[in-house]
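So the structure is just underneath, and the comments pick up after that.
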Amino acid sequence: ATARDLQLLRLAGQSAPATSEVMAETIGSSAKAGAAIGAFIALAVWLLDGRPGLPLLVPLVAAVAAVALPTLVWVRLRFRAGRVRRTIDRRLPRVLTGARVLLESGAATPEGALATAATTYQDPAGDLLREALRIKEVQRIELEAALDQVGERYGIQAFHRLGDAFRVGTRYGTPMSALIAEFAGSMRAGWHAEYRERITRAPVVMTVPALVFFVLPLLVLILFLVFSPLMGTLSQL
């Protein structure tokens, strides 16, 4: 999964380590840096507090920081790759619609229409389509197999589905323009359904920050105001 994410980020023009080995070295360096930063902060707090004895908290904080910083680096990588994949899912229907328009005008072959549309739209979806067409020409395989290779290499499920759609459409003689239009429409419908689901779920999700940042501090304040006089009274008994 990490190799797919790295290749996808580089394809999208974003900065990313060249290989998984370089990424592993980056994570190792992050672990060392996190351990050093955590140990320094814990030791500084220990010395400023003026506590006697050995700073036993330093190894614990260093170990936590050594795990937390590499985890943050890896999560950030996954988040960036996921954002690129969502961008591809949103923009692929636009590229396919452009190819369908060219096909219906009779100005190009199916592969030529895909190539022209992928060149017209400068985005990650067009880049992936161009790579699939390049793989088809270099390896001399069917377009469906090239789409499957691209989907497997970069972890894009939409390209697997597109390859299956082309495969089934070719077998049953479905016109390529109709096939592309149906696939683009299904992708847009799926994205709109997901968007509506997120809108429906938003009011419920928005209650969590309200509980954390408003209700919980208010509850703590009320408990403090109630129990502080009580504890003062009990301490005088």
Side chain Arg130, main chain Ala118, donor-acceptor under 3.5 Å: yes
With the side chain counted from C-beta on, respond yes when Leu179 and Val168 share a heavy-atom pair under 4.5 Å apart, and no when they do not. no
The reported gap from CG in Asp164 to CD in Glu144 (rounded to nearest 0.5 angstrom) is 9.5 Å
At what distance, to the nearest 0.5 angstrom, does CE of Met23 lie from CH2 of Trp74? 9.0 Å
Measuring only between side-chain heavy atoms, which start at C-beta, is Ile180 closer than 4.5 Å to Leu103? yes
Quick one, Leu129 and Leu147 - any side-chain contact, counting heavy atoms below 4.5 Å? yes
In this structure, CE of Met187 is separated from CZ of Arg161 (nearest 0.5 Å) by 5.5 Å
Closest non-hydrogen contact found for Ala99 with Ala117 is N-CB, 3.6 Å
Using a 4.5 Å cut-off on heavy atoms from C-beta on, say whether the side chain of Leu114 contacts that of Leu96. yes
Answer yes or no: is there a donor N or O on one side and an acceptor on the other, between the side chain of Arg91 and the main chain of Pro124, under 3.5 Å? no
Same apolar cluster: Tyr121 and Phe159, side chain cutoff 4.5 Å: yes
Measuring from atom CD1 of Ile27 to atom CG of Leu72, what distance do you get when rounded to the nearest 0.5 angstrom? 11.0 Å
Closest approach of Ala146 to Ile141 (non-hydrogen atoms, all atoms of both residues): N-CD1, 3.8 Å
Nearest heavy-atom approach of Ala184 to Thr97 is CB-OG1, 4.1 Å
In terms of hydrophobic clusters joined by side-chain contacts under 4.5 Å, are Ile156 and Ile135 together? yes
Counting only heavy atoms not in Gln7 (residues, nucleotides, ligands), do more than 12 fall under 6.0 Å from its CD? yes
Is the shortest side-chain N to carboxylate O distance from Glu137 to Arg134 below 4.0 Å? no
What one should report as the nearest heavy-atom pair of Ala158 and Phe183 is O-CZ, 3.5 Å
Any donor-acceptor pair under 3.5 Å linking the side chain of Arg4 with the backbone of Glu152? yes
Within 6.0 Å of CD in Gln139, more than 12 heavy atoms from elsewhere: yes
State, yes or no, whether a side-chain contact exists between Leu128 and Leu11 at a heavy-atom distance under 4.5 Å. yes
For Asp148 versus Arg167, what's the shortest heavy-atom pair and its separation? OD2-NH2, 2.6 Å
Leu8 and Ile88: CA distance, side-chain angles, deciding distance, side-chain contact (heavy atoms from CB on, under 4.5 Å) verdict: CA-CA 11 Å; Leu8 183 62; Ile88 292 172; 3.9 Å; yes
Measuring from Thr120:OG1 to Arg94:CZ, what's the distance to the nearest 0.5 Å? 10.0 Å
Are Arg86 and Asp89 ion-paired here, with the side-chain N under 4.0 Å from a carboxylate O? no
Heavy-atom closest pair (Pro70 atom, Val67 atom, distance to 0.1 Å) is CD-O, 3.5 Å
Exactly one of Arg85, Arg83, Arg80 clears salt bridge (charged side-chain N to carboxylate O under 4.0 Å, His left out) with Asp5, and that residue is Arg85
